[in-house]
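A quick write-up on the structure given underneath.
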Amino acid sequence: MDIAAYMTDVGQQARAAATLIARSTTEVRNRALLATAEALDAARSDLAEANALDLAGGRESGLDAAMLDRLELTPARVDAMIEGLRQVASLPDPIGVITDMTYRPSGIQVGKMRVPLGVIGIIYESRPNVTVEAASLCLKSGNAAILRGGSESIHSNQAIALCLARGLAEAGLPETAVQVVKTTERAAVGELITMPDYVDVIVPRGGKGLIERISRDARVPVIKHLDGVCHVYIDSHADPEKALSVAVNAKTHRYGTCNTMETLLVDKEIAADMLPLLGSAFIEKGVELRGCEQTREVLTDIKAATEADWEEEYLAPVLAIRVVDGLDGAIEHINRYSSQHTDSIITENYTRARRFITEVDSSSVMVNASTRLADGFEYGLGAEIGISTDKIHARGPVGLEGLTSQKYVVFGDGHIRA
Ligand SMILES: NC(=O)C1=CN([C@@H]2O[C@H](COP(=O)(O)OP(=O)(O)OC[C@H]3O[C@@H](n4cnc5c(N)ncnc54)[C@H](OP(=O)(O)O)[C@@H]3O)[C@@H](O)[C@H]2O)C=CC1
Ligand SMILES: N[C@@H](CCC(=O)OP(=O)(O)O)C(=O)O
């Protein structure tokens, strides 16, 4: 395959489709979403077959349990994709909404109209349900999408692409409004991120290697969705029961997600009391613990953490634990090692909670809540493209609004500038 020619074709088709999608009505876009839901429901056995191929390939190439879990399309996950499409269809359409209208002294009225971004290129991990979520949010927000999922999920993604094409066709929209890249060659990523004529924004969801390449090579604006080195800090004013339950959930609810806690920080004032409780809870769940020197004075059997552990996103049943010198120590550690994704404090002390949320510079800062809750659905956005670790344009879980921009609209009646 001539990758450059293929991607140019994909880009040109997406640009042409973006114009049609942007001016389609809410009803037509919702019809496409609901028809895609029906197409997925009808294609369950094809999806299962395609996914079995991917899973077999994944096992052969030695994917770990967390990666295989992401890759798998169980019947329940297909149900969730269908339900997700219906939910996105039921969300209010952000496009065309005019806000902030004001009369200016000159007599003109000035306001802002919400508009699509255009063509959105998304590069993401081998998690096929993301194909549906990303497509549905792009479509609902009037954008065309070029989707490049992880290579391990190619068969599942192509099976999903057929359902998306059916849904779009049923609503009379161009099938090229959502294109799932047909090749796993990384050269296609290189093309996608250097086509400013055809692509308006790139959303890379992934780890450090992906981001390094995007930061080096992209010639299209980027909204980064990076790794999650997320922290829970247990303050000396924490309720021990809440602390235990939040810490266990943040680590063990799902190991492979970007909002999973990777480092637990414990205030030195309560370390002797809390660490044994935490230690037994994690060991019972099969989590390998790596601790700082002070942690190992209490949990004597665990491995020593090294400097590299504070920067590590394990995506696995491994947890680093560090005893810190109160809130100052916690904030210092987090602002040094966190990937600015999601960090949480457990405390009953209002003043400390306020300081934590003010001074920790991450896309979500939480009080007495599990980092696993950093999620578009949980935040009420309906779904999410991912969690932006960028500060410009969109930060944190990105839903419909993050895929739009605003333009000024001005109403005059023959007004001229004096
Ligand atoms: N903030 C967020 O919303 C999210 C963040 N993540 C993060 O993603 C990571 C885990 O996913 P994982 O699958 O390991 O991520 P990877 O970064 O390995 O892969 C993600 C995607 O990027 C592609 N890719 C990776 N490196 C390159 C490169 N150098 N050039 C071109 N394409 C590349 C992969 O393609 P290929 O298949 O060819 O490897 C895949 O499509 C974790 O760090 C996790 O936190 C995950 C989901 C959401
Ligand atoms: N929103 C997700 C987390 C973000 C995400 O997609 O993470 P990942 O499993 O790394 O692809 C969730 O809470 O399941």
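We number each residue from 1, following the sequence as shown. Because the structure is predicted, anything quoted here is derived from the model rather than measured.
- A side-chain N or O of T257 and one of R372 form a donor-acceptor pair less than 3.5 Å apart.
- A salt bridge does not link R219 with D197: none of the charged nitrogens is closer than 4.0 Å to a carboxylate oxygen.
- At a threshold of 4.5 Å between non-hydrogen side-chain atoms, the residues L117 and H393 count as touching.
- A salt bridge links R114 with E401: the closest approach of a Lys/Arg side-chain nitrogen to an acidic carboxylate oxygen falls below 4.0 angstrom.
- A salt bridge is defined here as a Lys NZ or Arg NE, NH1 or NH2 lying under 4.0 Å from an Asp or Glu carboxylate O, and E307 with R336 meets this definition.
- A salt bridge does not link D328 with R352: every distance from a Lys NZ or Arg NE/NH1/NH2 to an Asp or Glu carboxylate oxygen is 4.0 Å or more.
- Put simply, the side chain of K224 does not reach to within 4.5 Å of the side chain of I214, judged on heavy atoms.
- For the pair P397 and I387, the minimum side-chain heavy-atom distance is below 4.5 Å.
- The existence of a salt bridge linking E170 and R31 is excluded, since no basic side-chain nitrogen approaches an acidic carboxylate oxygen closer than 4.0 Å.
- Under the 3.5 Å distance criterion, the side-chain polar atoms of K140 are matched with a main-chain donor or acceptor of V88.
- The closest donor-acceptor contact from the side chain of K251 to the backbone of V318 lies under 3.5 Å.
- The ring-ring contact (aromatic ring centres under 6.0 Å, His included) check on H341 picks up nothing, with sequence neighbours excluded.
- Aromatic ring pairs are classed by plane angle as parallel below 30°, tilted from 30° to 60° and perpendicular above 60°; the pair W310 and H333 is perpendicular.
- Salt-bridge annotation for K391 and D361: present, with a side-chain N of the basic residue lying under 4.0 Å from a carboxylate O of the acidic one.
- A donor-acceptor contact shorter than 3.5 Å is absent between the side chain of D200 and the backbone of I120.
- Qualifying side-chain hydrogen bond (donor to acceptor under 3.5 Å, both in side chains) partners for S153, counting only residues two or more places apart in sequence or in other chains: N157.
- A salt bridge between K303 and E288 is present, with a side-chain N of the basic residue lying under 4.0 Å from a carboxylate O of the acidic one.
- Using a cutoff of 4.0 Å between basic side-chain nitrogens and carboxylate oxygens, D69 and R77 are scored as salt-bridged.
- In this structure, I123 and V203 have side chains that are not in contact, with every pair of non-hydrogen atoms separated by 4.5 Å or more.
- Side-chain N or O atoms of S339 include one that pairs as donor or acceptor with a backbone N or O of D227 at under 3.5 Å.
- A salt bridge between E38 and R166 is absent, with no side-chain N of the basic residue lying under 4.0 Å from a carboxylate O of the acidic one.
- Interatomic distance, CG of L40 versus SG of C163, reported as 4.5 Å (0.5 Å rounding).
- In summary, of the residues considered (D41, V132, L139), a side-chain contact (heavy atoms from CB on, under 4.5 Å) with L85 occurs for V132 alone.
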